[in-house]
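What follows is a single structure, written as structure tokens, with notes after it.
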Amino acid sequence: MPKNSKVVKRELDDEVIESVKDLLSNEDSSDDAFKKSELMVDDQEEKDVDVEEGSDVEDERPAWNSKLQYILAQVGFSVGLGNVWRFPYLCQKNGGGAYLVPYLILLLVIGIPLFFLELSVGQRIRRGSIGVWNYISPKLGGIGFASCVVCFFVALYYNVIIGWSLFYFSQSFQHPLPWDQCPLVKNTSHTFVEPECEKSSATTYYWYREALNISSSLSESGGLNWKMTICLLAAWVMVCLAMIKGIQSSGKIMYFSSLFPYVVLLCFLIRGLLLNGSLDGIRHMFTPKLEIMLEPKVWREAATQVFFALGLGFGGVIAFSSYNKRDNNCHFDAVLVSFINFFTSVLATLVVFAVLGFKANIINEKCVIQNSEKILKLLKTGNLSQDMIPHHINFSSITAEDYNLVYDIIQKVKEEEFDSLGLKSCQIEDELDKAVQGTGLAFIAFTEAMTHFPASPFWSVMFFLMLVNLGLGSMFGTIEGIITPIVDTFKVRKEILTVICCSVAFFIGLIFVQRSGNYFVTMFDDYSATLPLLIVVILENIAVTRIYGIEKFMEDLKDMLGFSPSQYYYYMWKYVSPSVLLCLLVASIVQMGLSPPGYNAWIEDMATEEFHSYPTWGMIVCISLMVLAILPVPIVFIVRRCNLIDDSSGSLASVSYKRGRIIKEPVNLEGDNTSLIHGKSPSEVPSPNFGKNIYRKQTGSPTLDTAPNGRYGIGYLMADMPDMPESDL
């Protein structure tokens, strides 16, 4: 590198434009990356050189402290509450152990390839979701904005669930647990059990009345629930403090938030296996029902679970990987995180059904005792003959097997009048067949089972602390999917943006801590993410394979990884994955059209749930959520296609990054009559005329607006323009 470049620069006229090599030499001499970087354009060979290698952006971008920290961040983001309360339900509902077959197949077909694709583009381009897709093509820049909108919608209600977990966590430090028994109501004459609780159960009553204090419909707001408002505020404060320094702060927390749930799950599994009936639950769980595998809905639900389990389309995967070095083996990361996610789901399923098996065993024992008393009464009244009962049966200590024997005998003998006797079969399988998911599993079924544990407060504290950590891990990735793209694009301070984002989300989130808030959570969960994310990921796939070019992308991967990825990914990305995603999108739209839009409302007088259809304004909100989430895609496309934004006004396409400030790129750069001669000083090279671009457009490139070096979107300023004002973005 020429040592006298600074002297040469001072001697040049203001109209002389220096070469890239001289610009690099003017940087801080202590910056090793700039010492090693060089850009050459060979007119004869027409080679494209990546100007971002060794650039200021890469040097100044934060980085993970270790590979372990990065893996834990990706695991924490992908492994969330759905692994604990959604996967076990789907496994039970769709054929038990047989459900794992379509899940694994779809994990290999769409899960790992698309997860690898997002990791790769984030690591290659080193931007958040907005910068990545604007880089691929400015016309597709709306993909990144759509991801941010979906992340914001999901963060609004997901943190409410963390708030619920914090409430239960705070109530677990007492013995007996507050949801152990129904409360007593006293009046002037006598004391009686709360009717709403007596008609349902203690845990159900505590969830709907004590925790949520739920209203009877979506239209009945009921005002704020102050307990949940405080918990929601605490949840957002935790997220804000953890994210305020970006990965520098959240990365350290990942060591606890990502690993602690595994400690709890293993403890629960060991404890669960020592409980009566746990093996019945696990056996029921993994007994395959192969005939169910042929049903299309099983494959649709498996594909949906794979899609959302890995966090595809949210932007969090891209944001986290953008802080990696370019030579990181992201293929290994994609396979590792995907299978960690899968085995975590299986582990959670074992735990859930070991505990539910124990709960079913207790309920079955109560059923046997109650129905045995009915049989004794029928024997005393003469409705049943003593001759029916085998001699070895002792009703004072009857087992489930003996009761079922007596039940079968009575059913055969009293076939015509059996229904009038009011006896129940008391099969443990019947209880296990009652599929429970979501909040019903975590806050009702599981909490009820834990009340029967020895030292139940300890296990309750551990369980809800695990839910908080699972939720926080996913929230970190979700918020990173909002913060990183905006910081990369608009160069705002991360600390200020994080505080503003969390504050706005908290105030909007107050709609979820009304008495009717649970119904809004259901609405957002059903309509804010599913279809928009599917569209986003389909467009991501098309952008890489069709716009950027699958062959060029495979070459980029070879350059990054140091080896050529398997051709398996070539065919998955180009043909199979987009086809499967399109089928999944159509199936989801059909399913949404066939399912009546509504929610399950809790009816206080009946102490049961009742399905209600959304009112007209509720349907408008549902449709608006989907439209708003995907609206950035057509808006940005139309704006770019019709040139509604002047590039000279500082739009995204004309922004480049340099030393923490934004520099406007000169517009109307045409022609290519300049070359840089490696190793020569500016005085030895004819200075190019101002306004001439030293880059060459890639031959055979699509008609989309291309930036220098065949790259789309952000370009780099090639002229030293010290008097140019900084962008106001």
Distance-only donor-acceptor pairs under 3.5 Å for side chains of residues 476-484, two or more places apart:
{"residue": "T478", "atom": "OG1", "partner": "S474", "partner atom": "O", "Å": "2.8"}
{"residue": "E480", "atom": "OE2", "partner": "Y323", "partner atom": "OH", "Å": "3.3"}
{"residue": "E480", "atom": "OE2", "partner": "T484", "partner atom": "OG1", "Å": "2.4"}
{"residue": "T484", "atom": "OG1", "partner": "Y323", "partner atom": "OH", "Å": "2.9"}
{"residue": "T484", "atom": "OG1", "partner": "E480", "partner atom": "O", "Å": "3.2"}

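Put simply, the side chain of T447 gets close to the backbone of I444: a donor and an acceptor are under 3.5 Å apart. Between the side chain of D488 and the main chain of G128, a donor-acceptor pair closer than 3.5 Å is present. Panel note: side chain N469, backbone L465; a donor-acceptor pair is recorded below 3.5 Å. No donor-acceptor pair closer than 3.5 Å links the side chain of E220 to the backbone N or O of S516. With hydrogens and angles ignored, the 3.5 Å screen pairs a side-chain donor or acceptor of N225 with a backbone N or O of A211. Looking only at distances, no side-chain donor or acceptor of R127 sits under 3.5 Å from a matching main-chain atom of I318.
Residues S78 and Q74 bring no donor and acceptor atom of their side chains to less than 3.5 Å of each other. With 3.5 Å as the limit, one finds no donor-acceptor pair spanning the side chains of S147 and S129.
Of the inter-residue distances, the one linking L107 atom CG with Q305 atom CD reads 11.0 Å to the nearest 0.5 angstrom. Once rounded to the nearest 0.5 Å, the distance linking CG of L631 with CE of M626 reads 13.0 Å. Atoms CG and CG, from N518 and N213 in turn, are 12.0 Å apart once rounded to the nearest 0.5 Å. Here the CG atom belonging to L119 is positioned 11.0 Å from the CD1 atom belonging to I112, to the nearest 0.5 angstrom. Once rounded to the nearest 0.5 Å, the distance linking CH2 of W617 with CD1 of I620 reads 10.0 Å. In this structure, CG in L100 is found 11.0 Å from CG in L90, a value given to the nearest 0.5 Å.
Evaluated for a ring-ring contact (aromatic ring centres under 6.0 Å, His included) with W179, the options W207, F446, Y168 yield exactly one hit, Y168. Just one of F524, Y519, F611 meets the ring-ring contact (aromatic ring centres under 6.0 Å, His included) condition when paired with Y599; it is Y519. Partner F314 forms a side chain to side chain contact (heavy atoms under 4.5 Å, CB included) with one of V537, L533, V536 and no other, that one being L533.
The shortest side-chain heavy-atom distance between W573 and V544 does not fall under the 4.5 Å cut-off. I125 places a side-chain heavy atom less than 4.5 Å from the side chain of I136. When side chains are defined from C-beta on, I214 does not count as touching R515, because their heavy atoms never get closer than 4.5 Å. Considering only heavy atoms from C-beta on, N341 stays 4.5 Å or farther from F115 through its side chain. Side-chain contact between M466 and L470 is present, with at least one heavy-atom pair separated by less than 4.5 Å. Counting heavy atoms from C-beta on, the side chains of V586 and L582 never come closer than 4.5 Å. For the pair M523 and L218, the minimum side-chain heavy-atom distance is below 4.5 Å. Using a 4.5 Å heavy-atom cutoff, the side chains of F145 and I635 are not in contact.
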### Task
Tell me, with the steps shown, if Q171 and F464 meet side-chain contact (heavy atoms from CB on, under 4.5 Å).
CA-CA 10 Å; Q171 298 299 307; F464 289 109; over 6 Å; no
### Task
Under the side-chain contact (heavy atoms from CB on, under 4.5 Å) rule, what do W133 and L539 come out as? Steps first, then yes or no, please.
CA-CA 10 Å; W133 304 114; L539 292 175; over 6 Å; no
### Task
Take L628 and F153 through the side-chain contact (heavy atoms from CB on, under 4.5 Å) test and state the conclusion after the steps.
CA-CA 10 Å; L628 287 174; F153 284 161; 4.2 Å; yes
### Task
Decide side-chain contact (heavy atoms from CB on, under 4.5 Å) for F506 and V239; before the verdict, give the C-alpha distance in whole Å, the side-chain angles of both, and the deciding distance to 0.1 Å.
CA-CA 11 Å; F506 166 72; V239 171; over 6 Å; no
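E448 pairs by the salt bridge (charged side-chain N to carboxylate O under 4.0 Å, His left out) definition with nothing, not counting sequence neighbours. Evaluation of the side-chain contact (heavy atoms from CB on, under 4.5 Å) rule for A235 yields N159, I162, L166 as partners, not counting sequence neighbours. Looking at residues two or more places apart in sequence or on another chain, you find a side-chain contact (heavy atoms from CB on, under 4.5 Å) between K297 and K93, N94, E295, R300.
Side-chain rings of F342 and Y103 approach one another, their centers coming within less than 6.0 Å. For Y157 and F520, the gap between ring centers reaches or exceeds 6.0 Å.
Considering all non-hydrogen atoms of both residues, T489 and I130 come closest at OG1-CG2, 3.4 Å. Residue S528 comes nearest to A629 through the heavy atom pair O-CB, 4.1 Å, listed as atom of the first residue, atom of the second, then distance. In this structure, S165 and V468 approach most closely via the heavy-atom pair CB-CG2, 3.7 Å. Here the closest non-hydrogen pair linking L81 and Y158 is N-OH, 3.3 Å. A pairwise comparison of heavy atoms in P532 and V150 identifies CB-CG2, 3.9 Å as the closest pair. Contact between V346 and F87 at its shortest, heavy atoms only, is N-CE2, 4.3 Å.
Among residue pairs with one or both ends in residues 590-612, those qualifying as salt bridge (charged side-chain N to carboxylate O under 4.0 Å, His left out) are R209-E604; sequence neighbours excluded. Among pairs with a residue in residues 208-244, those fulfilling ring pair (Phe, Tyr, Trp, His ring centres under 6.0 Å) read Y208-W602, at least two apart in sequence or across chains.
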